[in-house]
Amino acid sequence: MLPTQSGGSGAFAHFDLGRVPSPCYVVDKQKIRSNLEVLQNIANQSGAKVLLALKAFSMWSLAKLVSDYLDGCCASGLWEAKLARQKGFIRDEKLQVLSTFSPAFRSEELEEICSLSDHLIFNHPFAEGIKDARKSGVSVGLRINPEISLGLDPKYDPCSENSRLGYPMSKVSDDMLSLFDGLHIHTLCEQNFSPLLETWTKIEKSIGKSLHSFEWINLGGGHHCTRADYDRDGLIGLISEIAQKYDCQVYLEPGEAVALDGGILVGTVLDIMDTEKTCPARFKCHLPCTRCDRGSLPTRSSGRI
Ligand SMILES: Cc1ncc(COP(=O)(O)O)c(C=O)c1O
């Protein structure tokens, strides 16, 4: 089981759970704001654009707050792309960016996704739809799998054997990469800076020559950069170096770092089943459950459920 990397219960330590209905999410707006300030600071000091990964945090009642601090959103398909545009996560069409990645796109949805997105990231260099996407004017990227497993838990490791997330870096060629405007990686989960550095060092060694051809490089999510012990200076240094060396715009798309230690899910125990692997509370999430290996995850950060 992945131990929680959260900083603890924070403002919720003395929260009276009886004050709220059950189930419900309770969010500490001040904590979200202070996380956003940290992320904005990273952006300002490094030149990176920081996008919120909606799959991790999409509470649209806070869309305006998020949009006041960040440079846009990353979506994992049509519905998140619509959410970003319609619920106010993106308010400045000129400055903010909507980047959409999906392991595969449905042909009947592609046109609408292209019309909503600024960046469209494909998982395969010969995926159907790339030509149409280019014609639409969207900036087209490729997600690669750098094939370096540094995750804390194999369940969340997009570099694990037989992963379908990202085209294996050992199979890409310079010609293949030259067809894309941008490069995308996403390999981390709740991690500090050094695994990113190690991953980037491998990428440079392997496809360094091609990196000069990209307009943008997206370093994905999984950076726990709002955690107190995160090496933010290291991250800022690396981003500045990449941007300068390859003359490109660097993007980060954290999700959890935006909401880290910023909320709890309140639930009620209705029944107890006498088995070792039963979830006490479940909510919709893209991650597998750390307790029972089924469906969703009780908590990634608060540890209180
Ligand atoms: C492609 C992509 N980008 C960004 C994220 C956000 O990751 P996190 O919430 O761990 O920062 C995820 C989450 O799995 C992802 O799959």
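Numbering of residues begins at 1 and proceeds along the displayed sequence. Indexing begins at 1, ligand by ligand and atom by atom, following the structure's order.
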Electrostatic pair [X]-[Y], nearest N-O below 4.0 angstrom:
X	Y	answer
D175	K209	no
R91	D68	yes
K82	E112	yes
K202	E147	no
D92	K94	no

Please check whether [X] reaches ligand 1 - meaning an N/O of the residue sits under 3.5 Å from an N/O of the ligand, judged on distance alone.
X	value
K55	yes
C74	no
G222	yes

**Prompt:** Backbone, side chain, both or neither: what part of R143 comes under 4.0 angstrom of ligand 1, heavy atoms only?
**Reply:**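 Side chain only.
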**Request:** Look at ligand 1 and say whether P254 reaches it with a heavy atom at a distance under 4.0 Å.
**Result:**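 Yes, P254 has heavy atoms under 4.0 Å from ligand 1.
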By number and element, which atoms of ligand 1 are closer than 4.0 Å to a non-hydrogen atom of [X]?
X	answer
A53	4 (C), 5 (C), 6 (C)
A56	9 (O)
G255	6 (C), 8 (P), 9 (O), 11 (O)

**Asked** Does V97 sit in a hydrophobic cluster with other residues, and if so which ones, taking ILVMFWY side chains as linked at heavy-atom separations under 4.5 Å, directly or through other members?
**Response**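 Grouped by the 4.5 Å side-chain rule, L51, F101, I121, W216, Y251 form the rest of the cluster around V97.
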**Asked** Are I242 and L197 co-members of a hydrophobic cluster defined by side-chain heavy atoms under 4.5 Å apart?
**Response**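 Yes, because L197 and I242 connect within a single hydrophobic cluster, where side-chain heavy atoms sit under 4.5 Å apart.
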**Prompt:** Taking the minimum heavy-atom distance to atom 5 (C) of ligand 1, which of E256, H223, H186 ranks first?
**Reply:**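 Considering heavy atoms of E256, H223, H186, the nearest to atom 5 (C) of ligand 1 sits in H186.
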